[in-house]
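To keep things clear, I will list the structure first and then write my remarks on it.
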Amino acid sequence: MGIESNKRTLLVTGGAGFIGSNFIPFYLNKNPFHQIVNLDKLTYAGNLANLIDVVENERYHFVEGDICDKKLVDKLFKELKIDGVIHFAAESHVDNSIESPDSFIKTNIEGTFILLEASRKYWMDGPNIVKTGFEHARFHHISTDEVYGSLGTEGFFTEDTAYAPNSPYSASKASSDFLVRSYFHTYGLNVVTSNCSNNYGPKQHDEKLIPTIIRKALNGENIPIYGDGTNVRDWLFVVDHCKGIELVFKEGKSGETYVIGGNNEHNNLYIAERICSLLDKKLPKTAGSYHEQISFVKDRPGHDQRYAIDATKIKTELGWSPDEDFDSGLEKTIAWYTTKYQKV
């Protein structure tokens with residue numbers, strides 16, 4: 001595989017997904033003495049085309065496989081001397097978790113357990129006894145603000161918010177968060193966890209809200225908005241999230257959790273209307289406005305009303321701050337998707 005023993009070798013799981021495929025090029029560019037092994041099952045959410053800009057990079061290596069494949073995971077740790085894990089891989093679409101929760105339980109819980117066990121066995125000789133050469137080995141678990149449940153009209157999620165997952169997806173992620181926590185407290189494994197708000201930006205799967213709005217608008221189709229469109233999310237531009245992940249991985253305190261949010265609270269109807277307004281300026285229709293395509297559809301079961309994050313901890317302790325405000329990030333996102341969809 002061409003792994004160089006003098007370079008730090010990180011295992012990135014789910015690196016062909018939305019956030020992972022933004023993170024890998026970002027991280028390789030920032031860290032010339034690190035190399036990345038990307039383990040991805042290439043389910044519907046994984047797309048190797050999103051990694052075209054690193055495919056020739058000698059410090060990038062792709063392995064097609066499942067984090068639930070214990071033999072494969074153990075082999076990668078042993079043969080490639082993995083000394084860092086950044087764990088993105090997860091089933092993550094809430095609608096799919098309502099229809100088929102079994103795959104969420106297997107991937108998000110069992111897969112995380114297998115990775116933790118491999119890390120523990122390869123990096124440690126026993127509880128709180130780290131093997132020589134692995135003093136800096138770290139497991140970074142990427143999670144979601146959905147584990148905290150739903151907020152009312154006021155308040156914010158923080159690292160101290162009680163867990164209250166409301167969907168099979170968020171329950172499976174909460175379970176994986178607790179597994180990671182337990183490996184720190186029981187074994188002394190060097191772990192950190194970050195819980196992020198809704199990401200947006202280039203390379204997101206077409207099924208997600210913002211790509212769907214752009215695609216439907218450009219195709220002249222109805223733009224579907226759940227319920228009355230008042231569900232609120234805190235939106236974080238994906239590259240800003242990548243910067244936060246790198247900071248937590250490198251500088252976060254072992255055993256700690258860091259919530260990462262963009263401080264951009266908007267409801268779904270506003271998102272649709274804002275995109276339509278930008279498209280009206282960028283790619284005006286021959287007649288009428290994209291706004292006329294907005295329609296409302298039956299709400300999904302267990303649809304949380306509001307998420308919002310107070311990112312004070314990562315800002316004050318690690319010095320993180322987002323570079324993009326919502327409009328600047330949205331303009332970059334629309335530019336990327338209009339290029340993509342107009343090629344189709």
Side-chain angles (χ1 to χ4, degrees), residues 10 12-31 36 38 40 43-54 60 86-94 140-146 157 169 173 193-215 233-250 258-266 268 271 274-275 278 307-309 311 314-315 318 320-341:
L10 308 186
V12 173
T13 69
F18 168 39
I19 303 172
S21 63
N22 278 279
F23 177 78
I24 288 174
F26 166 82
Y27 191 89
L28 287 173
N29 184 56
K30 290 281 298 293
N31 298 276
I36 284 177
N38 174 18
D40 198 296
T43 60
Y44 71 95
N47 186 355
L48 289 180
N50 288 338
L51 290 159
I52 193 69
D53 48 349
V54 296
Y60 170 72
I86 301 181
H87 177 33
F88 292 100
E91 295 284 349
S92 64
H93 195 268
V94 175
H140 184 170
H141 177 57
I142 311 296
S143 191
T144 170
D145 60 357
E146 294 192 37
F157 296 138
Y169 161 59
K173 289 298 289 184
T193 297
S194 56
N195 297 73
C196 67
S197 60
N198 276 36
N199 280 219
Y200 71 103
K203 304 181 183 180
Q204 192 169 23
H205 193 276
D206 289 340
E207 71 186 0
K208 297 293 187 173
L209 178 67
I210 288 177
T212 293
I213 294 169
I214 298 169
R215 185 181 69 257
R233 300 294 180 262
D234 174 17
W235 293 89
L236 173 65
F237 189 64
V238 65
V239 179
D240 284 327
H241 186 200
C242 292
K243 294 172 184 175
I245 292 168
E246 182 192 30
L247 269 175
V248 172
F249 179 69
K250 288 183 174 180
Y258 297 84
V259 297
I260 310 177
N263 196 29
N264 294 306
E265 282 190 64
H266 300 295
N268 291 345
I271 300 293
R274 187 71 188 126
I275 290 171
L278 290 170
Y307 306 147
I309 275 180
I314 190 174
K315 289 179 178 179
L318 304 184
W320 175 84
S321 61
D323 292 326
E324 304 291 343
D325 61 29
F326 184 68
D327 274 356
S328 66
L330 194 58
E331 287 181 4
K332 291 180 178 181
T333 302
I334 289 172
W336 191 87
Y337 281 104
T338 52
T339 299
K340 173 184 177 178
Y341 294 140

Just by distance, do the side chain of [X] and the backbone of [Y] share a donor-acceptor pair under 3.5 Å?
X	Y	answer
Thr212	Glu207	yes
Lys173	Asp145	no
Trp320	Ile245	no
Asp240	Asp323	yes
Asn198	Arg233	no
Asn264	Asp234	no
Thr333	Gly329	yes
Asn31	Tyr27	yes
Tyr200	Phe326	yes

Over 60° means perpendicular and under 30° means parallel, so classify the ring planes of [Y] and [X], tilted if in between.
X	Y	answer
His140	Phe249	parallel
Tyr44	His205	perpendicular
Phe157	Tyr307	tilted

Separation of [Y] [atom2] from [X] [atom1] (nearest 0.5 Å):
X	Y	atom1	atom2	result
Asn47	Phe18	CG	CZ	13.0 Å
Ile210	Lys208	CD1	NZ	11.5 Å
Leu209	Gln204	CG	CD	8.5 Å
Leu278	Ile334	CG	CD1	4.5 Å
Ile86	Thr13	CD1	OG1	9.5 Å
Leu48	Asn38	CG	CG	7.5 Å

Taking the side chain as everything from C-beta on, heavy atoms only, tell me whether Phe237 gets closer than 4.5 Å to Cys242. no
- Decide yes or no on side-chain contact (heavy atoms from CB on, under 4.5 Å) for Ile309 and Ile260, but give the supporting numbers first. CA-CA 7 Å; Ile309 275 180; Ile260 310 177; 5.9 Å; no
Between Ser197 and Gly262, the two heavy atoms sitting closest are OG-N, 3.8 Å
*asked:* Distance alone, cut at 3.5 Å: any donor-acceptor contact between the side chains of His141 and Thr193?
replied: no
Residue set satisfying side chain to side chain donor-acceptor pair (under 3.5 Å) with Arg274, at least two apart, ordered chain then number -> Asp327
